[in-house]
Student: 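Sharing a structure with you now.
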Amino acid sequence: MCRLPTGPSYTRAGGYFSSEAAWSPPAWQPSWELSDALHADREDMNSEQIADLELKIEVLENRSRRGNLRVRGLPETLTDLSSTLLSLFQSLMPQVAADQFRMDRVHRSLGKPRSSELLRDVVLKFHYPEVRDQILAAARNLSTLPELPSSVHLYADLAPSTLYVNVEK
């Protein structure tokens, strides 16, 4: 709410007015209805832009994980993950040369397991992303993975937002 001054005041037009004079907003000030409409349109545009940016982030995150493979169910007692996984991949695909299974990184998922029964996933990044797809295709044809417990499964490493969308469908 705007309060008018009690005494004479200086205005932008260069004159004086008294409290008895009727006050109206300057012509350059937009009306409240127009301002509210512009604000609502801006919110709609912002929400569309935010949704578009979230989609772009999801695409970029999935591209950065393109060569990653997630192995679920490996015991925490295994210390030499690289050699264990290399022997697994060679038994899955004996026709592929060992140098094709070049892994840039192999590590357990971050964080401590919430309980001793829960195992952290192993995430590995292949130097050649197409090898990951070949391994996943070869593992789909088997009921259990050789030389490993039946609880071990292979997955493509996808962004959590992609997994959430796929669960909703």
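Computed over heavy atoms, backbone and side chain alike; hydrogens, waters and symmetry mates excluded.
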Student: Hydrophobic cluster membership, with links at side-chain heavy-atom distances under 4.5 Å among I/L/V/M/F/W/Y: are L74 and Y155 in one?
Tutor: no

Student: Does the pair K125/D104 count as a salt bridge with the N-to-O cut at 4.0 Å?
Tutor: no

Student: Name the residue from D157, L69, V71 that meets the side chain to side chain contact (heavy atoms under 4.5 Å, CB included) definition with V123.
Tutor: D157

Student: Please tell me if the side chains of F89 and V96 come closer than 4.5 Å, counting only heavy atoms from C-beta onward.
Tutor: no

Student: Any link between V131 and L136 through a network of hydrophobic side chains (Ile, Leu, Val, Met, Phe, Trp, Tyr) touching at under 4.5 Å?
Tutor: yes

Student: When you measure from the side chain of R65 to the backbone of L158, do you find a donor-acceptor pair of N or O atoms at a distance under 3.5 Å?
Tutor: yes

Student: Backbone N or O of R66 within a donor-acceptor pair of the R132 side chain at under 3.5 Å?
Tutor: yes

Student: Rounded at 0.5 Å granularity, tell me how far CD in Q134 sits from CD in Q95.
Tutor: 8.0 Å

Student: A cation-pi test, strictly: NZ or CZ of R102 under 6.0 Å from the centre of the six-membered ring of F126 and no more than 45 degrees from its axis. Yes or no?
Tutor: no

Student: Do the non-hydrogen side-chain atoms of L86 and M103 ever get within less than 4.5 Å of each other?
Tutor: yes

Student: Evaluate the side chain to side chain contact (heavy atoms under 4.5 Å, CB included) criterion for residues F101 and H127: first the C-alpha distance (whole Å), next the side-chain angles of each, then the deciding distance (0.1 Å), finally the verdict.
Tutor: CA-CA 8 Å; F101 296 119; H127 189 73; over 6 Å; no

Student: I'd like to check L154 versus L92 (side-chain heavy atoms, cut-off strictly below 4.5 Å). Are they in contact?
Tutor: yes

Student: Between atom CD1 of I50 and atom CG of L55, what is the distance when rounded to the nearest 0.5 Å?
Tutor: 14.0 Å

Student: Would you check if R70 and R72 make a side-chain contact, meaning some heavy-atom pair closer than 4.5 Å?
Tutor: yes

Student: Answer yes or no: is there a side-chain heavy-atom contact under 4.5 Å between L124 and N68?
Tutor: no

Student: When you group the ILVMFWY residues by side-chain heavy-atom contacts below 4.5 Å and let the links chain together, are V122 and L78 in the same group?
Tutor: yes

Student: If we ignore hydrogens and angles and just use 3.5 Å, is the side chain of N62 paired with the main-chain N or O of A159 as donor and acceptor?
Tutor: yes

Student: Main chain of D121, side chain of S109: is a donor-acceptor contact present, judged purely on distance under 3.5 Å?
Tutor: yes

Student: Between E76 (side chain) and R120 (backbone), is there a donor-acceptor pair under 3.5 Å?
Tutor: yes

